[in-house]
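To start, the structure under review is shown below, and the notes come after it.
Proteins get letters first, then strands, A, B, ... in listed order; numbering begins at 1 in each.
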Amino acid sequence: MLKTNMCGELQIKDVGTSVILAGWVARRRDHGGLTFIDLRDSSGTIQIVIKNDKLNLTEKEISQIRNEWVLGVKGIVTERQEGARNSNMPTGDIEISVNELEIINQSNTPPFPINEDLSLDETNRMKYRYLDLRRSRMNQNLKLRHDVMHFIRNFLTNKKFIEIETPILNVATPEGARDYLVPSRIHPGKFYALPQSPQQWKQLLMVSGFEKYFQIARCFRDEDLRSDRQPEFTQLDIELSFVEEKDILILIEELMVSMLKELDLGFDFPLNFPLIPYSESMEKYGSDKPDLRFDLEINDLSSVFLNTSIKIFADVLKKDQRIRGIHIPGGNKLTKKQLQEFNEIAKLHGAMGVASMHFDDDYKITKSEYDGFSSLLEKFISIDELLTLNDRFNIKPGDAIIISAGHDDLTSQVLASIRNEAASMLNLVKETDLAFCFITEFPMFEYSDSANKWTAMHHLFTMPFEEDIQYIASDPKRVRSHAYDLVCNGQEVGSGSIRIHKSELLLKILQQLGIDESIAHEQFGHVLEAFEFGAPPHGGIAPGIDRIVALLAKESDIREVIAFPKTKTASDLLTGAPSKIGTENLDELHLKIDDPSS
RNA sequence: GGUUCAUUAGUGUAGUGGUGAACACACUAGCUUGUCACGCUAGGAACACGGGUUCAAUUCCCGUAUGAACCGCCA
């Protein structure tokens, strides 16, 4: 070893010991004959004191040392003089009196400061990611990520789960997200697909009798990126045999709760995660991933406006659509500009806009008159309608109501988005809250307008509710499934289901999805066949590690907790991937490039 | 695939239809023995690229590139 101790681990009790340290220059303070250097290694930093006159290096050489140079230091741990201590530093009571200094390596001036927590241009951060990761914020994020994975492995191992790796080169499937494809050299014109998740493998492992499987698995999806979506990401993939839905939910709840207790990051979180059926979540929050850190529930206001003279509302009701709204306590302090943003949100989702009602500080209402109420709808709204709203929401001066009318799909999207926006505008979100919940009873099917057919909402192997199986053909919309999501702070952080373990039922589902039996056998024949050999009832869940770590690190982008992420255009600015390949490579793979841009 | 925003020394920011393009840190040179975001003196260093409008463009317009946000897409 080139060092005997770690910079950040030295303490006052080590005073007097002779140590060898090595690390990077975090900062230097050159006083001429006396130089201070904050030396950083992976454990932290410590101040080293260089008295230039009694050293192996000349004063000139010492004065040339710069940030990020790599130094080896031989010296004595010394207690700092009274008045020279630094309470901001964990090692602030001690310092190293240097006897021998070695310049192990020099460094170019870094392209951005390493020793400050600045917001930086993403291009530069990604190009010099190895330097970006030297910054303490990123360093801590990756350490936290390790702690999370370490805890998970221990926790599940203690519960007798075993981790099994599954292939990265897989057969392509037409369902779900777009696959990343890998051309085969040996089989001209054929391709492997990188796994979107180890879904089929883990079900096959259940047939193999492992009963409790997990894997911290890399998954790949060739879809457009977002702050919570990278082309490759990491899932905690879990599957168990002989379980019901509630067993899996309890397991995950226990995993998350005990992990949060162990990590002790100062978050508030529920010890029992509420279960919210999908339909209820859509009704109350307009979303299947509600942020439960605040209320602002959506309400059905249709009944208030049954005989309204507000034309747009009457028209909507005539079409059997609904009028829904959010009562925002204190919402009247939102500015005109902020309210205009709500309209922009509505338009973004294809609605005409939203209606807002304002109850000023002098708002009063009686059976016959009101004061301090304003709205574009004021001319048309009746006192009875206003009274009903007033009583229903117990409206106080300073409140506001935002209303969206139309098709449920539309009003849900609009109001869900406004709900989140309003909460952030009004500062209702507590940073230290982790509001976990499970969304359950997802619909089995959803209609895809683009493909013009029914598709599996979760995935093909999801178990429908026993009592809903009869509606698969006649009323697919009505079929609920044993699919569930783990949601936290408005983000989906995990998704799973109880699976179908009998081929007859699976074939019935495939039929409903318009997948011909022969095609089904071609694509899923191996699973169907496996199910003929005593497949146990099974189910699982796959929490997203990146999203969970990002939540715990209070980062809004999963790139901040991934060592080497890709940009929005799925490129790696550090290595240059993806890159062109030579013709000999292409020939070997039997590929020809047809690039319209070249 | 679509919409929007951004791009000024190494970094982070300021600013303008007419240049002396400002500030801080970093950098270079020098001074400096108790600092800790050390201090002091001096210096070098920038308007992403291409086209257009204009007497004149870093500034206005269009396009390209790159990055980001959102919609579509995606669990």
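Taking every side-chain heavy atom of A/E116 into account, B/C25 is the closest of B/C25, B/G34, B/C27. Out of B/U35, B/G67, B/C73, the shortest distance to the side chain of A/R80 is found at B/U35. For A/A177, the side-chain atoms get nearest to B/C74 when compared with the rest of B/C74, B/G67, B/U35. In the set B/U66, B/C74, B/A75, B/C74 carries the atom at the smallest distance from any side-chain atom of A/R229. For A/D224, the side-chain atoms get nearest to B/G1 when compared with the rest of B/G1, B/G67, B/A75. The side chain of A/T123 sits closest to B/U66 out of B/G72, B/U66, B/A68. Closest to the side chain of A/R221, out of B/A68, B/A75, B/G72, is B/A75. Minimum atom distance to the side chain of A/L34 is reached by B/G34, of the listed B/C36, B/C74, B/G34.
Going from the P atom of B/U19 to that of B/U35 covers 48 Å, rounded to whole Å. Separation of the P atoms belonging to B/A65 and B/C74 is 26 Å when rounded to the nearest angstrom. Atom name C1', nucleotides B/G44 and B/C27: the rounded distance is 9 Å, in whole Å. Atom name C1', nucleotides B/A37 and B/G51: the rounded distance is 46 Å, in whole Å. Separation of the C1' atoms belonging to B/C36 and B/G50 is 49 Å when rounded to the nearest angstrom. Straight-line distance between the P atoms of B/G67 and B/A75: roughly 24 Å, to the nearest whole Å. A distance of about 14 Å separates the C1' atoms of B/A6 and B/U13, rounded to the whole Å. B/A24 and B/A14 are spaced 16 Å apart, taking the P atom of each and rounding to whole Å.
Contact annotation: side chain of A/E95 to base of B/G34, donor-acceptor pair present below 3.5 Å. At a cut-off of 3.5 angstrom, counting only N and O atoms as typed in the model, there is no donor on one side facing an acceptor on the other between the side-chain of A/E122 and the base of B/U66. Side-chain atoms of A/R27 and base atoms of B/C36 include no donor and acceptor less than 3.5 Å apart.
Dashed line: the shortest gap from a side-chain N or O of A/S571 to OP1 or OP2 of B/G67 is under 4.0 Å. At the phosphate of B/U35, neither OP1 nor OP2 sits under 4.0 Å from any side-chain N or O atom of A/R85. Between A/R29 and B/U35, a side-chain N or O to OP1/OP2 separation shorter than 4.0 Å is absent. A sub-4.0 Å separation between OP1 or OP2 of B/C74 and a side-chain N or O of A/R226 is absent.
Using a 30° and 60° split on the angle between ring planes, A/F273 and A/F438 fall in the tilted class, from 30° to 60°.
Salt bridge status for A/R125 with A/D132: present, with a side-chain N to carboxylate O gap under 4.0 Å. We find that A/K477 and A/E446 are not joined by a salt bridge, their nearest charged nitrogen and carboxylate oxygen being 4.0 Å or further apart. With respect to the salt-bridge test (charged N to carboxylate O, under 4.0 angstrom), the residues A/R28 and A/E68 do not qualify.
Toward the 5' end of RNA chain B, the nearer of the two residues A/F233 and A/L348, judged by each one's closest nucleotide, is A/L348. Comparing A/E446 and A/T569 by the nucleotide of RNA chain B that holds the closest heavy atom to each, the one mapping nearer the 5' end is A/T569.
Here A/H459 lies out of heavy-atom contact (under 4.0 Å) with every strand. No contact: A/K127 has no heavy atom under 4.0 Å from any strand.
In this entry B/C27 has B/G43 as its Watson-Crick or G-U wobble partner, both defining distances falling under 3.5 Å. With a cut-off of 3.5 Å on both Watson-Crick or G-U wobble distances, the partner of B/U66 is given as B/A6. For B/C38, there is no paired nucleotide, since no Watson-Crick or G-U wobble pair has both relevant distances below 3.5 Å.
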Item to check | Residues A/L292, A/F436; criterion side-chain contact (heavy atoms from CB on, under 4.5 Å); working and verdict | outcome: CA-CA 8 Å; A/L292 299 183; A/F436 282 98; over 6 Å; no
| said: Determine whether A/K202 and A/D237 satisfy the following criterion, salt bridge (Lys or Arg N to Asp or Glu O under 4.0 Å), listing intermediate values before the conclusion. | reply: CA-CA 8 Å; A/K202 64 175 173 177; A/D237 200 46; 2.8 Å; yes
**OP:** For side-chain hydrogen bond (donor to acceptor under 3.5 Å, both in side chains), just list the numbers for A/W201 and A/N170, CA-CA rounded to whole Å, side-chain angles, deciding distance to a tenth of an Å, and then say yes or no.
**Re:** CA-CA 10 Å; A/W201 297 116; A/N170 290 280; 2.4 Å; yes
Audit row: A/R85, A/S87, side-chain hydrogen bond (donor to acceptor under 3.5 Å, both in side chains) steps and yes/no: CA-CA 6 Å; A/R85 298 168 188 250; A/S87 56; over 6 Å; no
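Evaluation of A/H31 against the base of B/C38 yields a stacking contact (centre distance < 5.5 Å, interplanar angle < 30°).
A side chain to side chain contact (heavy atoms under 4.5 Å, CB included) with A/T91 holds for exactly one of A/D38, A/I46, A/I96; it is A/I46. Screening A/I541, A/L236, A/L486 for a side chain to side chain contact (heavy atoms under 4.5 Å, CB included) involving A/L255 leaves a single residue, A/L236.
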Letter by letter from the 5' end, nucleotides 2-13 of chain B scores (B base, S sugar-phosphate only, - none; protein heavy atoms under 4.0 Å) --------SSS-
